[in-house]
A.B. asks: 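One structure, pasted below without further comment.
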Amino acid sequence: MEYNYREVEQKWRQFWEDNKTFKTEINHSKPKYYVMDMFPYPSGAGLHVGHPLGYIASDIIARYKRLKGFNVLHPMGFDSFGLPAEQYAIQTGQHPAITTEENIATYIRQLKQIGFSYDWSREVRTSDPNYYKWTQWIFMQLFNHYYDKDENKALKISDLIIRFAESGNKVVNAVCDEDTEIFTAEEWNGMTEHQQQSLLLKYRLTYPDESVVNWCPGLKAVLANDEIKDGVSERGGFPVEQRKMKQWAMRITAYADRLIDGLNEVDWSDSMKDQQRNWIGRSTGASVRFAVDTILDKVNTPPFIEVFTTRVDTIYGVSFMVIAPELESVPFLTTPEQKEAVEEYVKWVASRTELDRMSEVKKVSGVFTGSYVINPFNDEKVPIYLADYVLAGYGTGAVMGVPSGDQRDWNFAKHFNLPIVPILDAQKEMDVQADNTKEGKYINSGIINGLDYKEATKVLTQFLEEKAIGKGKIQYRLRNAVFSRQRYWGEPVPVYFKGGSGGEPLPYLIEESELPLTLPVIDKYLPTDTGEPPLGRAEGWKYKGEYEYELSTMPGWAGSSWYWYRYMDAQNATEFASQESINYWKAVDLYIGGSEHATGHLLYSRFWNKFLKDLGLVPEEEFAKKLINQGMISGRSNFVYCIIVTNGLKPANTDIYVPISYYLKYENGDLSTQDFQELISETHGTDFLEKSINPMFKIIRLRVNVDFVDNDILDIEKYKEHFNEAKFILEDGKYTCGWEVEKMSKSKYNVVNPDILVDKVGADTLRLYEMFLGPLEQAKPWNTNGIDGSFRFIKKAWRLFYDDLGTFKVKDEAPTPAELKVLHTAIKKVEEDLERYSFNTVVSTLMICVNDLGSLKCSKKAILQDLVILMSPYTPHIAEELWTILGNEAGTISYANFPKFNPSYLVEANFEYPISINGKVRANISFPTDALPADIEAGVLANEVVQKWLEGKVPKKVIVVLKRIVNVVP
RNA sequence: GCCCGGAUGGCGGAAUUGGUAGACGCGCUGGUCUCAAACACCAGUGUCUUCAUUGGCAUGCCGGUUCGACUCCGGCUCCGGGUACCA
């Protein structure tokens with residue numbers, strides 16, 4: 001009896017659904033385990049075979065942990081706000097909610113047929129008002145908190161107000177806007193409500209910010225840096241420009257240090273942690289003020305220029321100062337003589353695109369402003385230049401130029417003939433390049449001459465602080481995160497604007513009791529005629545019928561920054577999740593998803609989690625203890641090779657497909673017209689071509705839908721259903737397609753649909769095969785060719801239970817030592833490999849076990865029962881079937897006990913030692929397992945093969961590694 | 001440029017702390033079954049040499065440490081990912 005996977009798999013999926021087999025509840029008698037996938041955006045294209053890779057791995061761990069006695073939380077949901085549904089709405093007028101609903105239905109159907117053990121009752125959708133109510137609620141908490149640097153946590157704005165009223169803001173050590181001025185309690189108390197609210201915005205963890213943003217006119221959206229690749233939008237490839245815009249921002253920089261420090265306590269890959277560290281970009285240094293010497297405008301010329309440097313010790317090597325051309329102070333630092341040159345340079349810089357700048361990194365450009373600053377350490381006059389290698393957005397937008405120690409400064413100095421002053425005696429070859437060494441003693445360096453790096457830095461920092469011209473400082477590359485999209489399909493921001501005493505309108509939160517603030521109905525999903533976001537179209541959409549709501553929506557990352565908590569208590573109507581559930585499940589033990597979220601989702605999520613922890617709402621500082629990044633699965637395209645004849649061919653509409661070998665010959669120019677004629681005559685008869693005409697032809701390579709191809713062999717009948725005029729020149733009776741690894745995409749006809757594979761070989765085979773492809777974290781091309789091996793494994797396992805005639809052959813006899821050894825070898829290896837997430841090697845182990853039991857003709861229930869449990873995380877359907885066939889209660893295998901490994905079954909009386917002579921294995925000799933090294937050595941030396949290789953000499957050395965190897969050194 | 005990975009048969013990959021390199025699977029070759037095919041099963045399959053035994057060479061390249069290196073160290077080459085004038 002052949003195993004009927006279609007019927008069996010369908011039966012068990014239905015059983016799991018009907019019996020809620022994987023419904024999870026809080027259970028304090030068991031240890032908890034939380035394993036979660038990065039939830040998908042439900043795109044219209046559905047799942048391809050690459051998507052479930054990580055889901056299969058996490059499901060295997062979930063099932064394994066259940067067998068190990070854990071109470072497992074394993075949910076799935078949908079990140080269902082996003083651009084594609086809205087783009088579709090713009091084109092068709094269909095509400096994005098409908099599109100999203102349909103796509104989710106497809107996803108659920110596809111996911112369910114792979115047999116995942118999700119607790120579907122906990123499913124979440126970020127676009128569901130019952131969900132985004134709490135996204136809005138968290139936003140409100142961010143608005144109501146500021147970051148206190150003394151307490152090193154977020155505190156209530158209401159407390160801040162009390163402190164301001166009592167003692168002003170001088171005593172408050174909080175994260176706030178750079179331009180926040182100092183005020184006293186008296187001044188605060190004298191302010192109007194509008195002035196106070198205006199000031200508080202400089203402290204709130206989320207606030208409206210006039211900022212330069214990446215505006216994408218093609219998508220009519222502001223994009224985050226990580227949504228831009230090579231100067232164009234990642235989605236759609238539209239150009240991106242810089243534009244000033246009022247945006248909501250999140251003060252993520254307040255958490256910069258904790259975001260870096262927290263990386264030490266999570267088990268993530270080094271590459272992932274490094275990406276986050278680099279993105280945050282903490283550099284330790286000092287700020288130094290250089291007094292401006294050339295006061296050109298008493299009001300507008302700044303009295304000093306502040307720079308940030310990581311190398312204060314090089315301060316005596318400063319020979320120029322460079323400021324970013326975009327700085328507002330530039331005109332007031334430019335002398336009349338230099339005005340023209342400076343204006344021209346500023347204009348030129350402004351005209352250049354991101355791409356220009358990036359491609360010309362090595363070119364030196366700049367201009368002298370005509371004015372000077374004074375180096376506070378040696379009172380020397382230092383010329384101020386403009387150059388575009390200094391970025392307005394980082395630090396103060398000004399840099400002290402130390403050509404001896406910094407290569408860019410060195411290039412600049414060479415170009416403008418500025419002095420290059422050595423400052424350390426260890427600096428070398430300074431006429432060729434800069435030397436950034438910290439070795440040696442200082443020279444030409446005033447108060448630090450003769451000191452070393454450590455001493456000098458201390459002396460200089462002290463000097464800076466005494467004279468109040470600078471201080472030790474930490475600078476970050478991380479910017480505050482933009483939190484607005486000028487789009488419809490996102491969470492409305494629960495804010496309205498109210499003016500006051502003639503000032504500009506300021507944002508106020510709606511009441512918590514008014515949540516969720518749901519998306520209003522609009523007629524079209526485009527910006528208004530006045531350029532406002534689509535929400536501007538909603539008629540009468542005003543708070544209390546009076547105040548303008550915020551018209552932009554939240555960005556894509558809002559809903560995904562806290563969803564793991566909602567799974568804990570998905571239906572809760574009064575809290576984002578109950579404290580009971582949060583304190584039980586705590587944090588995600590294993591999180592699986594793509595590495596592309598390193599600087600987006602994973603950073604924002606860690607930020608929100610830390611914020612929620614500060615509020616005492618969640619117990620853990622880090623939300624994902626262990627992270628695995630599954631590798632991208634690329635596609636494998638198939639090709640056919642078609643001859644196009646421009647004259648001399650009849651009938652005209654026939655397409656002739658030739659084998660790849662002809663194509664390669666043609667490509668090399670080795671296929672002559674005569675060859676071609678012979679070739680065609682051979683297969684199509686001599687009358688196929690007009691003899692009188694010399695045919696013109698070329699061979700072109702066409703992508704063929706991979707669904708028409710099996711093991712690179714084309715299914716010609718299927719192909720002809722679509723191209724019925726096709727004629728094929730066959731080799732060995734078949735047509736073999738060419739192939740190439742490319743991105744998996746519809747346009748390349750190489751999308752492999754899991755539905756088709758589930759139908760062809762079953763979900764168990766698909767699960768097994770995806771894991772067998774290679775290490776989970778490694779990027780790899782999809783290749784359906786090997787799937788037969790996994791399918792065979794399933795059938796072989798079935799045959800341990802039924803013979804060819806379909807007779808059930810399992811017996812209740814006692815297992816033999818050989819059978820127990822095979823089983824326990826597998827138990828040990830499966831357990832060890834799953835504990836280290838080596839999913840692919842577990843498949844080999846199961847195959848070896850089934851092969852060996854087959855060779856032993858083992859059909860003992862005691863053995864097979866444990867084997868079925870070992871298989872069940874990978875192939876749950878057949879495992880359920882066999883489990884019940886063996887007489888167990890249906891649906892109970894998921895909560896069975898993982899077999900206990902017994903090492904005594906693996907103990908052997910003898911060990912066969914490989915005997916290597918000078919590192920090369922020459923013989924194998926068996927010794928009792930407990931033999932002593934001296935006995936083994938004697939035995940080895942007595943062996944005739946060893947004797948032969950020693951040629952009668954006494955060996956220099958004999959190394960015996962017990963239970964491993966013997967090496968004889970002649 | 002900088003940071004992080006990686007390179008092993010025709011192919012995907014295995015070798016967990018330095019201890020028999022190539023597990024497992026695909027593909028291929030030969031065979032059994034069949035009228036035939038498919039399925040299934042059996043045998044072989046790194047490479048060179050040899051009738052065979054045997055032996056030589058093999059984990060991107062060069063060198064080192066070691067009784068012993070795919071594994072550790074130094075120097076390269078190529079490939080993938082991230083990032084970009086961050087002062």
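Proteins come first, then strands; the chains are lettered A, B, ... in the order of their sequence lines, and each starts at number 1.
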A.B. asks: Give A:K920 one of three labels, base, sugar-phosphate or nothing, depending on what nucleic acid heavy atoms sit under 4.0 Å from its own.
C.D. replies: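 Sugar-phosphate contact only.
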A.B. asks: Would you tell me if any nitrogen or oxygen in the side chain of A:N851 comes within less than 4.0 Å of OP1 or OP2 on B:G25?
C.D. replies: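 So the side chain of A:N851 is within the cut-off, an N or O lying under 4.0 Å from OP1 or OP2 of B:G25.
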A.B. asks: Quick one: is A:R477 getting a side-chain N or O under 4.0 Å of the B:A87 phosphate, OP1 or OP2?
C.D. replies: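 For A:R477, the contact criterion (side-chain N or O under 4.0 Å from OP1 or OP2 of B:A87) is not met.
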A.B. asks: Once you round it to whole Å, what is the distance between C1' of B:U16 and CZ of A:F839?
C.D. replies: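 Taking atom C1' of B:U16 as the reference, CZ of A:F839 is at 16 Å.
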A.B. asks: Can you confirm whether the side chains of A:S926 and A:N910 place a donor and an acceptor under 3.5 Å from each other?
C.D. replies: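 No pair is found: no donor N or O on one side chain lies under 3.5 Å from an acceptor on the other.
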A.B. asks: Indicate, with a heavy-atom threshold strictly under 4.0 Å, whether A:V969 touches base, sugar-phosphate, or nothing.
C.D. replies: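 Contact class for A:V969: sugar-phosphate only.
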A.B. asks: Does the side chain of A:N375 pick up a donor-acceptor pair with the side chain of A:Y316 at under 3.5 Å?
C.D. replies: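 Checked: A:N375/A:Y316 side chains show no N/O donor-acceptor pair below 3.5 Å.
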A.B. asks: Please pick, from B:G56, B:G12, B:U83, the nucleotide with the shortest atom-to-atom distance to any side-chain atom of A:F772.
C.D. replies: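 Minimum distance to the A:F772 side chain belongs to B:G12.
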A.B. asks: Parallel, tilted or perpendicular, judged at 30° and 60°: which one describes the rings of A:F901 and A:H824?
C.D. replies: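 Ring orientation of A:F901 relative to A:H824: tilted.
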A.B. asks: Just N and O in the side chain of A:R792: are any of them under 4.0 Å from OP1 or OP2 of B:C41?
C.D. replies: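 For A:R792, the contact criterion (side-chain N or O under 4.0 Å from OP1 or OP2 of B:C41) is not met.
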A.B. asks: Of all the choices, B:G19, B:A14, B:G55, which nucleotide is nearest to the side chain of A:N840 once you look at every atom?
C.D. replies: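 Selected nucleotide: B:A14.
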A.B. asks: With P as the reference atom in both, quote the distance from B:C26 to B:U77 in angstrom, rounded to an integer.
C.D. replies: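 So the two P atoms sit 40 Å from each other.
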A.B. asks: As a test of reading the structure: which of B:C67, B:A87, B:G5 is closest to the side chain of A:I959, going by heavy atoms?
C.D. replies: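 Comparing B:C67, B:A87, B:G5 against the side chain of A:I959, the answer is B:C67.
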A.B. asks: In dot-bracket notation, what is the pairing pattern of RNA chain B, taking Watson-Crick (N1-N3 plus N6-O4 or O6-N4) and G-U wobble (N1-O2 and O6-N3) contacts under 3.5 Å, with [ ] crossing and | for other strands?
C.D. replies: (((((((..(((......[....)))((((((.......))))))(((......)))..(((((..]....))))))))))))....
A.B. asks: Could you work out, with side chain to side chain contact (heavy atoms under 4.5 Å, CB included) as the rule, every residue matching A:N785, not counting sequence neighbours?
C.D. replies: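 With neighbours one apart ignored, the set is A:R636, A:N711, A:D712, A:N783.
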A.B. asks: Aromatic rings A:Y345 and A:W348: how do their planes relate, parallel, tilted or perpendicular, breaks at 30° and 60°?
C.D. replies: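 Rings of A:Y345 and A:W348: tilted, as their planes differ by 30° to 60°.
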A.B. asks: Any residue in residues 394-409 of chain A with a heavy atom nearer than 4.0 angstrom to RNA chain B? Just list them by number, or reply none.
C.D. replies: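 Under 4.0 Å from RNA chain B: A:Y394, A:V399, A:R408.
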A.B. asks: So what does A:L773 hit on the nucleic acid, given a heavy-atom distance under 4.0 Å: a base, only sugar-phosphate, or nothing?
C.D. replies: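 Here A:L773 touches the backbone only, sparing every base.
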A.B. asks: Among B:C24, B:U16, B:C4, which nucleotide sits nearest the side chain of A:D274?
C.D. replies: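 Of B:C24, B:U16, B:C4, B:C4 is nearest to the side chain of A:D274.
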A.B. asks: Among B:G19, B:A15, B:C86, find the nucleotide with the atom closest to the side chain of A:L391.
C.D. replies: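 When the side chain of A:L391 is considered, B:C86 is the closest of B:G19, B:A15, B:C86.
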A.B. asks: For B:G9, is chi within 90° of 0 (syn) or not (anti)?
C.D. replies: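 This nucleotide is in syn.
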A.B. asks: Is A:K963 touching bases, backbone alone, or none of the nucleic acid, heavy atoms closer than 4.0 Å?
C.D. replies: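 Answer is nothing: A:K963 stays at 4.0 Å or more from every strand.
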A.B. asks: Which word best sums up how the rings of A:Y5 and A:Y3 line up, parallel for under 30°, tilted for 30 to 60°, or perpendicular for over 60°?
C.D. replies: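 If you compare the ring of A:Y5 with that of A:Y3, the planes turn out tilted.
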A.B. asks: Rounded to whole angstrom units, what separation is found between the CE atom of A:M272 and the P atom of B:G80?
C.D. replies: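 Answer to the nearest Å: 20 Å.
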A.B. asks: Under 4.0 Å, heavy atoms only, any strand: does A:Q778 hit a base, just the sugar-phosphate, or nothing?
C.D. replies: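 Since only primed, P, OP1 and OP2 atoms lie under 4.0 Å of A:Q778, the category is sugar-phosphate.
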